[in-house]
2 protein chains.
Amino acid sequence: MFEPVKLKDIAKALNVSVSTVSRSLSGGHEISEKTRNIVLRYAQKLNYRQNPIALSLKERRSRSIGVVISEVANSYFSQAISGIESIAYDRGYHIFITQTHESADREIANVQHLSSRSVDGLLISLASETQEISHLKSLHDKGLPIVFFDRVSPEIETHKVIANNYKGAFEATVHLIKSGFRRIAHITGAHHLSTSKDRLRGYLAALDLYSIPCKPEYIIYCENGGMIQAETDAAIAQLALMPDRPDALFIGGDKLSTGCLSALKKQGLQVPQDIAIAGFTNSDVAELFKPSLTAVSQPAYQIGQKAAEMLIQLIESKKPVTQFETEMFSTELIVRKSTDKV
Amino acid sequence: MFEPVKLKDIAKALNVSVSTVSRSLSGGHEISEKTRNIVLRYAQKLNYRQNPIALSLKERRSRSIGVVISEVANSYFSQAISGIESIAYDRGYHIFITQTHESADREIANVQHLSSRSVDGLLISLASETQEISHLKSLHDKGLPIVFFDRVSPEIETHKVIANNYKGAFEATVHLIKSGFRRIAHITGAHHLSTSKDRLRGYLAALDLYSIPCKPEYIIYCENGGMIQAETDAAIAQLALMPDRPDALFIGGDKLSTGCLSALKKQGLQVPQDIAIAGFTNSDVAELFKPSLTAVSQPAYQIGQKAAEMLIQLIESKKPVTQFETEMFSTELIVRKSTDKV
DNA sequence: GTGAAAGCGCTAACAC
DNA sequence: GTGTTAGCGCTTTCAC
């Protein structure tokens with residue numbers, strides 16, 4: 001098998017002690033220039049690499065961070081991951097990515113697994129199903145740094161990074177209203193998620209501003225957040241059958257937006273003739289849909305970067321951090337054909 | 001900070017030795033039922049977890065595998081990752097995902113980083129830019145298990161997992177021909193990639209079967225594999241300007257397929273009226289495009305699973321493996337509107 | 001300036 | 001059946 005060079009090998013070959021080698025390599029001051037150079041040169045020649053596992057054991061940290069998301073196959077998350085990765089890489093951290101597929105059980109298992117793998121910190125966007133976060137709380141109480149992004153929880157006081165979901169939803173809804181639609185429904189993710197709540201508030205605020213009464217039956221929660229297409233189909237079917245069928249739809253989720261487009265197609269409803277839609281999505285192909293999709297896009301890459309930065313800062317902070325921030329990024333409304341009034 | 005329970009804590013509390021605790025926990029036979037029960041119960045109560053880092057140091061393996069792909073934001077790879085993850089998780093392995101973004105330099109850095117992080121093995125799909133794989137060869141020669149998937153290299157003898165790219169391309173091209181198209185161009189990824197070569201062969205074989213002469217100018221390589229949209233746009237522009245403009249297009253890459261759709265739109269070419277298209281893609285929204293996209297879909301999840309299985313088998317094999325296999329999976333042709341003859 | 005030795009958490013060979 | 005000890009690769013304190 002693969003046998004990397006270790007300090008002992010170098011020490012033996014050079015007839016010095018292991019500690020001399022270690023000190024030379026780590027740039028210790030108390031080493032003679034001459035010895036250091038010899039060691040350095042030899043180590044270089046043998047392509048010596050520190051064994052990170054031994055180092056972790058020694059330092060009692062792993063230089064790795066755990067990432068918990070619902071799915072990589074989601075444009076928002078895959079972009080966020082790239083952002084996280086870019087920062088982590090720069091700072092010498094590795095990332096463990098785990099997927100919950102929106103299941104609370106898998107989230108618990110993943111978090112458990114990661115913490116037992118001694119990650120130095122956790123970056124998490126909660127699963128749709130998760131309502132109770134004692135699995136995170138206990139870890140956090142024990143001192144494990146955690147930074148929330150996207151779907152956050154008020155129950156743990158720590159850094160959080162989110163998009164301005166309220167404003168994004170508000171703008172999208174206003175755009176629908178200004179385009180001439182009045183019967184605007186809202187399909188969104190699990191009711192307890194922070195993102196769902198904020199987006200709902202934005203939607204309601206826009207209706208309110210234009211004095212459009214809000215119909216409770218126009219608000220539909222998809223508890224699986226688009227993970228299960230049948231649920232999305234059912235939501236659309238429900239809207240389609242209403243006597244006072246909506247003429248527009250504001251969708252509060254990445255997976256849901258494409259899911260609704262697909263469901264509407266199955267229902268035989270034309271977009272935007274029968275019903276206009278605008279939705280949160282970071283898809284890079286929203287332009288190509290039939291019709292092209294008016295989208296609320298989040299700066300997912302930057303959100304990932306910021307979250308990683310904050311986590312690493314937390315990890316590397318000498319004294320316990322007590323001041324926590326919630327960083328908020330602006331969304332962008334990209335108007336396309338799915339909200340054209342015809 | 002976060003201080004997990006260790007064997008020593010349990011030993012001290014129970015007034016036994018560390019080894020007794022270790023043996024009880026690992027189900028050693030030479031322990032009295034009584035002691036074991038006491039230890040087990042206490043460990044349970046304290047929620048004891050083995051420290052995987054210490055274990056790795058001891059066992060000289062990390063129970064983790066490195067995954068090198070071009071991008072997670074790619075339907076094929078995100079599905080493959082899920083497959084890899086499902087197997088790895090079952091077998092007690094963690095995965096490190098790294099992205100090359102098609103750059104050879106980043107691939108080298110990632111591989112280097114992973115190997116220095118002591119992964120037990122590597123799962124890799126080569127970057128578009130990679131032509132020279134000595135960085136992998138040297139690691140492989142030193143005994144690091146490597147399994148290739150998707151984009152493989154003949155230069156290293158090991159297990160490989162791929163889709164039947166030849167047949168997938170053949171079927172897609174035949175479908176275009178049978179639909180009545182004759183001037184069929186082929187846009188594909190970097191010329192040296194195994195996938196590009198196999199798909200080209202399939203395309204040529206189909207043309208040949210129907211005695212359609214192959215025009216060299218109808219074959220365009222996008223060396224960045226759709227990563228840079230400008231390159232894809234240029235390829236389409238080139239085709240659009242030909243005096244004998246193709247009436248159909250077979251596309252040999254996931255990112256390229258959507259990229260071409262977008263480029264055609266910019267060129268003002270209607271699909272399929274002006275030009276029909278069929279392409280490799282695992283996108284779950286190919287149905288929603290305008291027009292819906294005829295796709296060659298790969299069983300990415302299964303490919304990921306198989307690759308992970310093979311790698312773990314390699315890792316855990318007692319004796320050096322000398323017999324290597326290349327596992328091939330069938331693709332599926334999903335016919336949609338983008339290849340309708342009008 | 002350099003070496004010896006302890007210790008990070010764990011397992012296992014070797015005592016008893 | 002249980003304890004003692006060495007060792008995985010590394011850093012760092014303490015001697016010299």
To the nearest Å, give me how far apart [atom1] ([X]) and [atom2] ([N]) are.
X	N	atom1	atom2	answer
B/L7	D/dT2	CG	P	16 Å
A/N15	C/dT2	CG	P	13 Å
B/I53	D/dG9	CD1	C1'	13 Å
A/K12	D/dG9	NZ	P	11 Å
B/K58	D/dT5	NZ	P	16 Å
B/E59	C/dA13	CD	P	13 Å
A/R36	C/dG3	CZ	C1'	17 Å
A/L25	D/dT12	CG	P	13 Å

Within a strict 4.5 Å, meaning less than it, do heavy atoms of the A/L114 and B/H94 side chains meet?
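In short, these two side chains touch, coming nearer than 4.5 Å.
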Report yes if at least one side-chain N or O of [X] is closer than 4.0 Å to OP1 or OP2 of [N]; otherwise report no.
X	N	value
A/Y48	D/dC10	yes
A/T20	C/dG3	yes
A/S17	C/dA4	no
A/R60	C/dG9	yes

Does this structure show an ion pair linking B/E327 with B/K160, if we count only N-O contacts that are shorter than 4.0 Å?
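Answer for the salt bridge query: no.
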Could you tell me whether [X] contacts a base, only the sugar-phosphate backbone, or nothing, with contacts defined as non-hydrogen atoms closer than 4.0 Å?
X	result
A/S56	nothing
A/S32	sugar-phosphate
B/V18	base
A/S26	nothing
A/L57	base
A/K6	sugar-phosphate

Can you confirm whether the side chains of [X] and [Y] place a donor and an acceptor under 3.5 Å from each other?
X	Y	answer
B/S70	B/Q99	no
B/E107	B/T100	no
A/S62	A/D120	yes

Quick one: the side chain of A/S19 and the base of C/dA4, do they pair up donor-acceptor inside 3.5 Å?
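Yes, the side chain and the base share a sub-3.5 Å donor-acceptor pair.
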Donor-acceptor pair present, A/R23 side chain and D/dT13 base, under 3.5 Å
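Counting by modelled atom types and ignoring angles, a donor-acceptor contact under 3.5 Å is found here.
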Determine the interplanar angle of the A/Y76 and A/F149 rings, folded into 0 to 90°, and report it as parallel if under 30°, tilted if 30 to 60°, perpendicular if over 60°.
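Because their plane-to-plane angle is under 30°, the rings of A/Y76 and A/F149 count as parallel.
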Both A/K8 and A/Q50 contact DNA chain D. Taking the nearest nucleotide for each, which residue is further toward the 5' end?
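With A/K8 and A/Q50 compared, the 5'-side residue is A/K8.
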Looking at D/dC10, C/dT2, C/dT11, which one has an atom nearest to any side-chain atom of A/I31?
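Given the options D/dC10, C/dT2, C/dT11, the side chain of A/I31 is closest to C/dT2.
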